[in-house]
> 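Structure in structure tokens, see below.
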Amino acid sequence: GITKMASSTNEGSVNETRSGKKSKKNTNQVDESQLFTVPDGWKEPAFTKDDNPKGLLEESSFATLFPKYREAYLKECWPLVQKALGDSHIKATLDLIEGSITVCTTKKTFDPYAVVRARDLIKLLARSVPFEQAVRILEDDMACDIIKIGTLVRTRERFVKRRQRLIGPKGSTLKALELLTNCYVMVQGNTVSALGPFNGLKEVRKVVLDTMKNIHPIYNIKIDKELATGEFFLRESVKKRKKMEEIKVKQAEVLSKRQEERNRAFIPPKEKPVMKKTNKAPSEAKINIEAIKAKVRKAKTKKLGAPSVNPVPQTKPAHDKKKKNKG
């Protein structure tokens with residue numbers, strides 16, 4: 001009986017330890033899942049001098065070459081570049097003879113990642129990205145991606161066609177891609193430079209590479225738009241119903257327009273308002289009186305003047321005739 005009791009107590013302790021282990025595992029899993037998810041609206045606190053008061057041990061530097069046609073622009077905006085990098089204590093040098101830009105840390109530099117951001121800035125400037133856009137890489141939430149597309153297509157003609165397809169008529173396709181991904185995209189030569197948040201850069205890279213593989217960018221853009229509105233997840237029957245509703249609305253609009261055009265023939269023309277002559281009557285009367293007066297004056301002048309050309313013969317009185325007959 002004692003042995004049975006001992007075995008039962010041992011089993012109970014083993015079960016307890018197992019259950020304890022399981023509960024620990026569950027708590028760890030919950031913690032890990034919470035770590036991987038970033039809460040909405042969360043922003044990483046800025047890296048200040050208090051986080052690294054002693055600075056860096058060694059000097060780090062990066063250099064990049066730039067094409068000859070960028071020389072004039074870089075000369076012009078170089079003071080702005082130095083000022084932007086000076087805020088994070090990064091030294092920048094422009095070598096026009098060699099055609100290169102170099103960035104390096106100084107003794108005052110406290111942020112170790114600042115030199116990496118400075119490297120990305122000079123890369124973008126060398127790839128014809130304007131300074132106003134490139135300087136945004138120095139912000140914490142920004143990243144960049146330079147996609148090489150020169151070796152993806154064999155023939156030059158196809159490459160030019162597909163690159164133009166990515167840009168679209170008057171740059172409309174590229175603008176749509178920028179609006180959907182919240183990124184700045186620049187197509188230049190054999191590379192595509194993109195600047196924006198990490199999620200947007202993934203989408204830009206996918207669209208660019210698919211376009212060079214002969215998949216039209218409008219398909220990817222359409223899917224992105226449908227995903228944004230939630231239309232992508234609708235069932236086929238719901239999509240068809242939605243399309244039918246849109247068609248019915250259009251048909252109703254067309255019918256109403258036709259009906260309006262037909263009814264125009266039956267609408268009577270508007271009558272012109274009758275003008276009242278009460279105001280004009282006194283002025284007309286005055287004019288008539290003056291005209292009559294003028295006529296009277298003319299008649300009087302004619303009578304007083306020379307005799308008329310055809311004088312009217314005077315009729316003799318009747319008593320004169322009687323006298324002649326008596327004689």
Side-chain angles (χ1 to χ4, degrees), residues 36-42 129-130 132-133 136 141-149 152-188 190-271:
F36 285 129
T37 54
V38 179
D40 293 330
W42 181 83
V129 176
E132 292 79 18
Q133 293 291 342
R136 288 165 61 210
D141 301 334
M142 285 289 157
C144 75
D145 191 6
I146 294 166
I147 308 150
K148 291 177 182 178
I149 55 171
L152 297 173
V153 185
R154 288 181 184 178
T155 57
R156 183 72 186 168
E157 287 177 8
R158 276 185 190 173
F159 169 73
V160 171
K161 273 186 183 178
R162 288 177 191 180
R163 188 179 64 183
Q164 187 56 42
R165 200 181 287 165
L166 179 65
I167 297 162
K170 295 179 182 177
S172 57
T173 310
L174 201 67
K175 191 71 186 170
L177 185 63
E178 284 181 340
L179 290 168
L180 283 165
T181 57
N182 292 323
C183 292
Y184 171 81
V185 186
M186 171 116 187
V187 180
Q188 175 70 25
N190 295 332
T191 57
V192 177
S193 306
L195 174 76
F198 289 99
N199 294 336
L201 291 175
K202 277 184 193 174
E203 292 297 317
V204 171
R205 180 170 270 274
K206 185 180 177 296
V207 171
V208 169
L209 295 176
D210 282 357
T211 305
M212 300 318 285
K213 287 174 188 172
N214 205 19
I215 299 165
H216 203 285
I218 205 74
Y219 295 122
N220 283 314
I221 288 164
K222 194 180 178 185
I223 288 162
D224 287 345
K225 200 176 181 184
E226 284 180 358
L227 282 166
T229 54
E231 198 178 332
F232 186 76
F233 301 105
L234 293 174
R235 291 178 185 175
E236 284 296 320
S237 57
V238 178
K239 282 183 182 179
K240 280 180 183 177
R241 201 186 306 151
K242 201 176 180 184
K243 276 186 181 178
M244 287 300 291
E245 282 172 8
E246 285 173 6
I247 290 162
K248 280 178 182 177
V249 168
K250 282 181 182 177
Q251 283 176 347
E253 283 176 6
V254 171
L255 281 168
S256 63
K257 279 182 183 177
R258 281 181 185 172
Q259 198 63 40
E260 280 175 17
E261 284 174 6
R262 284 173 187 167
N263 292 340
R264 273 178 200 171
F266 300 102
I267 296 164
K270 288 182 181 179
E271 292 181 5

> Search all heavy atoms of S193 against all heavy atoms of V129 and return the closest pair with its distance.
CB-CG2, 3.9 Å

> Please round to the nearest 0.5 Å and tell me the distance separating atom CD1 of I149 and atom CE of M212.
4.5 Å

> What pairs of residues pass the salt bridge (charged side-chain N to carboxylate O under 4.0 Å, His left out) test when at least one of them lies in residues 205-217, not counting sequence neighbours?
D145-R205, K206-D210

> Rounded to the nearest 0.5 Å, what separation is found between the CG atom of L195 and the CD1 atom of I146?
10.0 Å

> Closest heavy-atom contact between G196 and C183?
CA-SG, 3.9 Å

> According to the side-chain hydrogen bond (donor to acceptor under 3.5 Å, both in side chains) rule, which pairs have a member within residues 251-264, sequence neighbours left out?
none

> F159 vs L152, test: side-chain contact (heavy atoms from CB on, under 4.5 Å). Steps then yes/no.
CA-CA 8 Å; F159 169 73; L152 297 173; over 6 Å; no

> To the nearest 0.5 angstrom, please state how far the CD1 atom of I167 sits from the CE atom of M186.
9.5 Å

> Just grab all the side-chain hydrogen bond (donor to acceptor under 3.5 Å, both in side chains) pairs involving residues 155-172, residues at least two apart or on different chains.
R165-N214

> Measuring from atom CD of E132 to atom OH of Y184, what distance do you get when rounded to the nearest 0.5 angstrom?
9.5 Å

> Could you pull out all residues at least two apart from A143 that satisfy side chain to side chain contact (heavy atoms under 4.5 Å, CB included)?
F198, L201

> Report the distance from atom SG of C144 to atom CZ of R136, rounding to the nearest 0.5 Å.
11.5 Å

> CD1/I218 to CG/L177 distance, rounded to the nearest 0.5 angstrom?
10.0 Å

> Evaluate V204 against I147 for side-chain contact (heavy atoms from CB on, under 4.5 Å), listing each step before the verdict.
CA-CA 9 Å; V204 171; I147 308 150; 4.3 Å; yes

